[in-house]
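Written below as structure tokens is the structure these notes are about.
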Amino acid sequence: MSGFAAADLFVRTALVEMYAKVGRVDLARAAFDEAPQRDVFLCNVMLAAYVARSEVAEARKVFDGMPARDLVSWNTMIHGYAMRGEVGMAREIFDGTEDRDAFSWSSMISAYAKSRRSKEALDLWREMRAAGIMPDCITLVSVVSACSDLGALVTGAEVHNFVESSRIELDLKLGTALIDMYAKCGDIESSQKVFDRMPVKDVQTWSTMIIGLANHGLGHESLSLFSKMISEGMKPNGVTFVGVLIACTHVGLVTEGKKYFRSMNQVHGVEPTVEHYGCMVDLLGRSGHVEEARHLIRSMPFEPDAIIWRALLGACRIHKNVDIAEEAMVRLRVLDPLGDGHYVLLSNIYAQANSWEGVAEMRKTIRRDNIQRIPGRSSIEWEDKIHEFVCGDRLHPRSKEIYGMLEEMMDRLKQAGYKPMTSLVLQDIDEQSKERSLVEHSEKLAIAFGLITTPAGSTIRITKNLRTCEDCHSAMKFISLAYDRKLIVRDRNRFHHFSEGLCSCNDYW
DNA sequence: ATAGGGTTAG
């Protein structure tokens, strides 16, 4: 290459970079095309320009036509696909990269975490450690949130240990992520420890802790933390108040809840949003003020959404209000016609009221409108892995043992006084089949697996995708008694801590 | 010349 051409290449590269920086990818491309020849550096600059504008297809064309590629080229492509949520493509590039550095691993892990492919995020994290690549604080936030999502307490605690024993400084966001992880994995004491030890906290740190306590049914602790936050001069935001209202809901503090709700903009200058009205409808409805909840929906300054009507419907189930339930259902059929949960709820409401025509009607509707029931899934962490169960599945390698344990469990529970709540089963089948169907609920499978695999007396932690059903809730109380175990169950809404035949939710959930 | 992050109503 002549000195002149080399100088020209240098100038072209600078031009591409400069145009990219001011957002003129078209001019950058023109300069790129006019270059006398292309080296890796110039192509990488062009790649970065496209990726910055999320034009990954264009970037890919450049990438494919490059005379040679280096680590930066590969990493830029991984990031480009990850940015557009094309995790599979990102992974293809990642797999094609021989030399991976911390950039490659972190981009890929965060791509998985962001798209809630949490298992894959953790698998990759283990591979990254095995490859001896050092993560930094930001990578760990992705790993920790994958643990939160899965309820992977052991893995999450390992990451925490890793931070403590390395020289990585625990920053605000990683600290907050750890608080959330421990809370979502059922270990609220550890959340509190991390929280107490953080020298600097912001509104998100406080909110995360407040929400964590609230979801564990520790309403009073949650509210006193809120007071402490205020007295320390920290300004709450809308999310903080969601936590405060959840705290009131889970303990049934109606008057308090109304007071906090009013104080939001009167005292704290935070405008309530539809989420806060949702919390209030739940608080009022759940505590038996179903009419008042209905009235609040009418008077609120927002169009009620499906979640609001669903909360009202849930209240109708607890307090056996068929009329308001039917009204809520009319709205839900418009706002969320395919959502499966409300059909089940209304059907249970009819069953409670001995309205068997109603139950039959719901069954017909579900079939006619082809409503897809979302299957219940429960998981439990054991030996570095998340073991997931779907109701009735026999896919687990230790399925035989698990079903054996289930039989034993049921005998033992029945002796202790457990009665299967067969009226909860919607299918039109005989009594024995209904009982069978209850036994195979995913949380019971997960608990049976837990009883087999964990040492006597240890706590069993389960994560479930839906709200736990009443039959399982009752069964778990008996299990905690009959097997002398603590069970900590994360349901879609909150935590249940079962011990000695009782649940921390006081059967109010 | 390449990157990634924490809280939210049922």
Open item on the list: Between A:R377 and A:L466, is there a side-chain heavy-atom distance shorter than 4.5 Å?
Closed with: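 With C-beta onward as the side chain, the pair stays apart.
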For the ring pair [X] and [Y], is the centre-to-centre distance below 6.0 Å?
X      : Y      : result
A:Y508 : A:H250 : no
A:H473 : A:W509 : yes
A:H160 : A:Y182 : yes
A:F226 : A:W206 : no
A:Y260 : A:F241 : no

What's the [atom1]-[atom2] distance between [X] and [N], to the nearest Å?
X      : N      : atom1 : atom2 : answer
A:L71  : B:dA3  : CG    : P     : 13 Å
A:I138 : B:dG6  : CD1   : C1'   : 12 Å
A:L178 : B:dT7  : CG    : C1'   : 14 Å
A:L170 : B:dG6  : CG    : C1'   : 11 Å
A:K201 : B:dG6  : NZ    : P     : 21 Å
A:N465 : B:dG10 : CG    : P     : 16 Å
A:K464 : B:dG10 : NZ    : P     : 16 Å
A:Y277 : B:dA9  : OH    : C1'   : 13 Å

Looking across every strand, which nucleic acid part, if any, lies under 4.0 Å from [X] by heavy atom: base, sugar-phosphate, or nothing?
X      : value
A:I211 : sugar-phosphate
A:K184 : sugar-phosphate
A:S110 : sugar-phosphate
A:A82  : nothing
A:S106 : base
A:V40  : nothing
A:L174 : base
A:T273 : nothing
A:R492 : base

Where the side chain of [X] is concerned, which of [options] is the nearest nucleotide?
X      : options              : value
A:D305 : B:dA9, B:dG5, B:dT2  : B:dA9
A:V141 : B:dG5, B:dA3, B:dA1  : B:dG5
A:V239 : B:dT7, B:dA9, B:dT2  : B:dT7
A:H79  : B:dG5, B:dG10, B:dT2 : B:dT2
A:A177 : B:dA3, B:dG6, B:dG5  : B:dG6
A:N44  : B:dA1, B:dG6, B:dT8  : B:dA1
A:Q204 : B:dT2, B:dT7, B:dG10 : B:dT7
A:V242 : B:dA9, B:dG10, B:dG6 : B:dA9
A:D171 : B:dA9, B:dG5, B:dG6  : B:dG5
A:D282 : B:dA1, B:dA9, B:dG5  : B:dA9

TODO: Check whether the side chain of A:S145 and the base of B:dG5 form a donor-acceptor pair under 3.5 Å.
DONE: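 Absent.
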TODO: Assess whether one donor atom and one acceptor atom, taken from the side chain of A:T139 and the base of B:dG4, lie less than 3.5 Å apart.
DONE: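 Answer is yes: a donor-acceptor pair is held.
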Task: Identified side chain to side chain donor-acceptor pair (under 3.5 Å) partner of A:N44 from the options A:N75, A:D39, A:D70 - done: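 That would be A:D70.
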